S.K.: 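Below is a structure I'd like to ask you about.
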Amino acid sequence: MSIFRLLAAISISLWLAALSGCATTTTGGAVGANRSQFMLISSEQLEQTAAQGYTKMKAEATEKGALNQDSKMLQRVQAIARRIEPQTGVFRRDAPGWKWEVNIIGSDQLNAFCMPGGKIMFYSGLINRLRLTDEEIAVVMGHEIAHALREHSREQVSQAIAAQAAMGVGSAMLGLGQNATQLANIGYEALIATHFSRTDEAEADRIGLELTARAGYNPRAGITLWQKMMSASGGAQPPEFLSSHPADSTRVQQIESLLPVVMPLYQAARR
């Protein structure tokens, strides 16, 4: 079997999958984030899996005595979430009705995330080590919620399914065994499927900044947040072209470029 026929088979399988899977999960908002996305599984499937994973994570943190140790910090983060959650309706009507939940894990990690369906987790180290203000917490939360609104995880899983299907077609046509396909799958997951792309991160920054502003938090805090992140990294961050994430300096530039769009939203919310 020639390499050209193999590539043709892979291309056809991806093309057929794309025909049935193109959609957009959000409207554009003021910042304009509504590109067409590649989806092969339902939101309900992924949200159910995410809820199960979130429950397991909480249980494990509880066993270690690490869940919601600081009641004041928890109340603070939950109060910020309550202001942001209603603003998600700007991007998708169903989001304000999600089963939102916010918890904190006691850990030195500089991390936070929002799972599909609105399951938010902050790590105390992010707040304590960077001494985040409420506005900076809002920027982080808006960014993570934006990943859930845009269903970036669902998009990645769909891409992985399509790639694995294509590799299955290719290995069958070449007469390779199952082990070869599994090896290819592992490589794909390690390099692609476990990281948000730079496009995803840029979208989350844009949408998150608008959510922050609409909730009445100053979006200029995005600049100080990423300055703190750059300081915390100590210059150890790899060059942007080697990372799936935009460089912190790039994020600051994007925030600055969006301020003329989102500052009026913040001022309106404050009034």
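Everything numeric in this text was worked out from a predicted model, so none of it was measured. Computed over heavy atoms, backbone and side chain alike; hydrogens, waters and symmetry mates excluded.
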S.K.: Quick check on the hydrophobic clustering: are Val262 and Ile145 connected, directly or via other members, by side-chain heavy-atom contacts under 4.5 Å?
M.R.: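 Yes, it is one cluster - the side chains of Val262 and Ile145 are joined through contacts under 4.5 Å.
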S.K.: Would Arg214 and Tyr266 count as a cation-pi pair here, with the cationic atom under 6.0 angstrom from the ring centre and within 45° of the axis?
M.R.: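 No, Arg214 and Tyr266 do not form such a contact.
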S.K.: With clusters defined by side-chain heavy atoms of hydrophobic residues (ILVMFWY) lying less than 4.5 Å apart, directly or transitively, does Ile80 cluster with Met115?
M.R.: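 Each belongs to a different hydrophobic cluster.
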S.K.: Is there a side-chain contact between Trp226 and Ile255 (heavy atoms, below 4.5 Å)?
M.R.: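 Sidechains of Ile255 and Trp226: in contact.
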S.K.: To check you understand the geometry: which heavy-atom pair defines the closest contact between Ala146 and Gly208, and what is its length?
M.R.: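 In terms of heavy atoms, the two residues are closest at CB-N, 3.9 Å.
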S.K.: If you look at every heavy atom in Asn103 and Leu74, which pair is closest and at what distance?
M.R.: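 Taking every non-hydrogen atom into account, CA-CD1, 4.1 Å.
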S.K.: Keeping Lys119 on the side-chain end and Lys99 on the backbone end, is there a donor-acceptor pair under 3.5 Å?
M.R.: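 Answer holds: yes.
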S.K.: Does any part of the side chain of Met73, heavy atoms only, come nearer than 4.5 Å to the side chain of Asn128, both counted from C-beta?
M.R.: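 They are in contact (side-chain heavy atoms under 4.5 Å apart), so the answer is yes.
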S.K.: If you compare all heavy atoms of Arg76 against all heavy atoms of Leu132, which two are closest, and at what distance to 0.1 Å?
M.R.: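 Closest approach of Arg76 to Leu132, heavy atoms only: NH2-O, 2.6 Å.
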S.K.: Looking at Leu130 and Ala232, what are the two nearest heavy atoms and their distance?
M.R.: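 Answer, listing the atom of Leu130 first, then Ala232: CD2-CB, 3.7 Å.
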S.K.: Rounded at 0.5 Å granularity, tell me how far CZ in Phe113 sits from CE in Met121.
M.R.: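 Between Phe113 CZ and Met121 CE, I get 5.0 Å after rounding to 0.5 Å.
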S.K.: So which heavy atom on Leu110 is nearest to which on Leu126, and how close?
M.R.: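 That would be CD2-CA, 3.8 Å.
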S.K.: Locate the shortest heavy-atom distance separating Glu135 from Asn218; write the atom from each residue and the value.
M.R.: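 Minimum heavy-atom contact is CG-N, 3.8 Å.
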S.K.: Are Leu67 and Ile127 connected in a single hydrophobic cluster, I mean Ile/Leu/Val/Met/Phe/Trp/Tyr linked by side-chain heavy atoms less than 4.5 Å apart?
M.R.: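 Hydrophobic grouping puts Ile127 apart from Leu67.
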S.K.: With rounding to the nearest 0.5 Å, note down the distance linking CG in Asn68 to CD1 in Ile105.
M.R.: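 Answer rounded to 0.5 Å: 9.0 Å.
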S.K.: Answer yes if the side chains of Thr224 and Glu136 hold a donor-acceptor pair under 3.5 Å, and no otherwise.
M.R.: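 Distance-only check passes for Thr224 and Glu136.
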S.K.: Within the distance-only criterion (no hydrogens, no angle test), does the side chain of Thr212 pair as donor or acceptor with the backbone N or O of Gly142 below 3.5 angstrom?
M.R.: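 A pair under 3.5 Å: no.
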S.K.: I'd like to know if the side chain of Trp98 reaches the main chain of Pro116, judged simply by a donor and an acceptor atom lying under 3.5 Å from each other, with no hydrogens or angles considered.
M.R.: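 Answer holds: no.
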S.K.: Walk me through whether Val140 and Phe122 qualify under side chain to side chain contact (heavy atoms under 4.5 Å, CB included).
M.R.: CA-CA 9 Å; Val140 174; Phe122 266 71; 3.8 Å; yes
S.K.: Quick one: pull up CZ in Arg206 and CD in Gln254 and give me the separation to the nearest 0.5 Å.
M.R.: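 With rounding to 0.5 Å, CZ (Arg206) is 5.5 Å from CD (Gln254).
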S.K.: Do Leu265 and Met263 belong to the same hydrophobic cluster, where Ile, Leu, Val, Met, Phe, Trp and Tyr are linked whenever their side-chain heavy atoms lie under 4.5 Å apart, directly or via other members?
M.R.: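 No; tracing contacts between hydrophobic side chains, which count when under 4.5 Å, never links both residues.
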S.K.: Any link between Ile207 and Ile223 through a network of hydrophobic side chains (Ile, Leu, Val, Met, Phe, Trp, Tyr) touching at under 4.5 Å?
M.R.: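 As far as the 4.5 Å side-chain criterion goes, Ile223 and Ile207 are connected within one cluster.
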S.K.: Under a 3.5 Å threshold, yes or no: a donor from one side chain and an acceptor from the other, between His147 and Glu203?
M.R.: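 The answer is no; no qualifying pair exists.
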S.K.: Can you tell me how far apart SG (Cys114) and CD1 (Ile120) are? Round to the nearest 0.5 Å.
M.R.: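 It is 4.5 Å, given to the nearest 0.5 Å.
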S.K.: Is any side-chain heavy atom of Ile104 closer than 4.5 Å to a side-chain heavy atom of Asp70?
M.R.: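 No, side chains not in contact.
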S.K.: Would you please test Leu211 and Leu149 for side chain to side chain contact (heavy atoms under 4.5 Å, CB included) and show each step?
M.R.: CA-CA 11 Å; Leu211 291 173; Leu149 294 177; 4.0 Å; yes
S.K.: Hey, could you give me the CZ/OG distance between Arg129 and Ser107, rounded to the nearest 0.5 Å?
M.R.: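 Here the interatomic distance stands at 9.0 Å.
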S.K.: Roughly how far, to the nearest 0.5 Å, is CD of Gln78 from CD of Glu85?
M.R.: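 The distance works out to 9.5 Å.
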S.K.: Any side-chain heavy atom of Asp108 sitting closer than 4.5 Å to one from Tyr123?
M.R.: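 Counting from C-beta outward, Asp108 and Tyr123 never come under 4.5 Å.
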S.K.: Could you check if a side-chain atom of Val252 sits within less than 4.5 angstrom of a side-chain atom of Met230, using non-hydrogen atoms only?
M.R.: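 In short, these two side chains touch, coming nearer than 4.5 Å.
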